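Presented below is the structure to which this report refers.
Worth saying up front: this structure is predicted, and the values here are computed from it rather than measured. Just follow the structure's listing: the first ligand is 1, and inside any ligand the first atom is 1.
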Amino acid sequence: MKNIVSLLNEFKKIGLTSFDGVTRCVYDENWLAAQKKYMQIASDYGLYTFVDDIGNVYATTEKNLGQKIFILSGSHMDTVINGGPLDGVYGTLASLISIGTLMKKFGHPKIPLVAVSFSEEEGSRFNTAFTGSRYLMNKLEDTVYGLRDHEGLSFNHARQNAVTQLKELASELKATGLIHAFIELHIEQGPILEKKRQDIGIVTDIVGQKKLLIKCYGVANHAGTTPMNMRCDAMKKAVTLIHQLYAVLDEFVALRYTIGQIRVQPNAANVIPSEVDFSLDLRHKSQKRLDDAFTAVKELTELNDSILTIMTDVNAIKLSDQLANNSALAAQYHNSAYQSLISGAGHDAQIIAKYVPTTMIFVPSIKGNSHSPSENTKSEHLVNGQLVLQQALYQLAYI
Ligand code: GLV
Ligand code: MN
Ligand code: MN
């Protein structure tokens, strides 16, 4: 069987962009190819593959999970637009390899193991994130199905088309037992582990996150004939509001905020914009400070006569101390230097941690780069992280 580094190189080709990045948005053809390839690898390991109605793909040690409790491990298969080759897919493939290897070496575990490749976590196509893990935890709102991508295709339409194809290859997961624990292995996506020369990070907390969509309205009219004092220009409103947002949000210590996406209607050089919408991503490790920042944004948008919609809202969360200890033992087993840290990135683990004991294991990111083609991790760290995950799963499921 191939090791984690060669598999990651193969998956990098599924959605490779001309900028040497990877774009694999939920339900697109690259995403479908990647989920199918994941299923094939699972079958090669002798694992049983399943799919659910949102497009999460599972590889299990049991043919029939029924009401048994089980241990879940995995991450997401989608990427950001022109993202890196590791975010998400590292954890999906590493859990698959780990569970497949454990089954081959030691046979069936005492507690069934399930690898998962979540359909979507990034929010890069439908402007809402974590739909795979939210679905698994029965927390996906019906409104998500009506969301549209920037070409106007609905989430539900894209989902049906993709999931139908996956269902030709695997049956539907029917598991009603509790999830005993969830472990997600991921690249750090920040500079701390590299700076501190650590091999492994054990996550104690994940920051809270609110993804907002803010719309400013104007009236489309001729760029040459409409006097400046007779215009209602959505771009002018948006720029004014954005300027005020930067000034106010800079006052919040340790807040991370990003306006990373902006759309103009009708998007023509000689037409006054009728609508401008932009994203605002807010994160803070203190839920209170995050809520305060949100209130400040809400007040400003109202003052500026703009419309604010919350697209994703996940609370800051503390992960399991007990499972962190288990991960620490696994790191020690592999003689890895490790430390605790907080995750500033969002993860499926933070959706699941609200309901199930959850832990995350990080490996260093070179120069802390992520969500870009320069995202990278040393091969030895990738291999070591997979082995630490495997050991952590072994300790939980076999002993
Ligand atoms: C997901 O990776 C996020 O943190 O936005
Ligand atoms: Mn990720
Ligand atoms: Mn990401």
Practice task
Would you mind finding which of Lys211, Arg283, His347 brings a heavy atom closest to atom 5 (O) of ligand 1?
Solution key: Arg283
Problem - Contact check: Glu122 vs ligand 1, nitrogen or oxygen atoms, below 3.5 angstrom - result: yes
Exercise for the section: Show which atoms of ligand 1 fall inside a sub-4.0 Å distance from at least one heavy-atom site of Ala345. Expected result: 4 (O)
Exercise for the section: Please indicate whether any nitrogen or oxygen in Gly344 is less than 3.5 Å from any nitrogen or oxygen in ligand 1. Expected result: no
Practice task
Report yes or no: does Glu172 contribute a side-chain atom to a donor-acceptor pair with the main-chain N or O of Lys174 at less than 3.5 Å?
Solution key: no
Exercise for the section: Tell me whether the centres of the aromatic rings in His284 and Phe294 are closer together than 6.0 Å. Expected result: no
Handout entry: Beyond-backbone contact of Lys210 with Val297, side-chain heavy atoms, under 4.5 angstrom
Key = no
Problem - His371, any N or O under 3.5 Å of ligand 1 N or O - result: yes
Handout entry: Presence of N, O or S from His186 under 2.8 Å of the Mn ion (ligand 2)
Key = yes
Exercise for the section: Measure from the Mn ion (ligand 3) to each N, O or S atom of Glu121 and report whether any distance is below 2.8 Å. Expected result: no
Practice task
Could you pull out the atom name of the N/O/S atom in His76 that is nearest the Mn ion (ligand 2)?
Solution key: NE2
Problem - Short N/O/S contact of His371 with the Mn ion (ligand 3) (below 2.8 Å) - result: yes
Practice task
Check the angle between the aromatic planes of Tyr394 and Tyr398 and answer parallel, tilted or perpendicular using the 30° and 60° thresholds.
Solution key: parallel
Completion exercise
For Gly346, the atoms of ligand 1 under 4.0 Å from one of its heavy atoms are 1 (C), 2 (O), 3 (C), 4 (O)
Fill in the blank from the handout: Here the vertex angle at the Mn ion (ligand 3) for OE2 of Glu122 and OD2 of Asp87, given to 10°, is 80°
Practice task
Specify the closest pair of heavy atoms between Val89 and Pro85, including all atoms of both residues, with the distance to one decimal.
Solution key: CG1-O, 3.2 Å
Practice task
Please confirm whether Tyr48 and Tyr58 have ring centers closer than 6.0 angstrom.
Solution key: no
Problem - Ring center gap for Phe11 and Tyr38 short of 6.0 angstrom - result: no
Exercise for the section: Evaluate the criterion side-chain hydrogen bond (donor to acceptor under 3.5 Å, both in side chains) for residue pair Asp199 and Ser336; output intermediate values, then yes/no. Expected result: CA-CA 6 Å; Asp199 306 309; Ser336 308; 4.5 Å; no
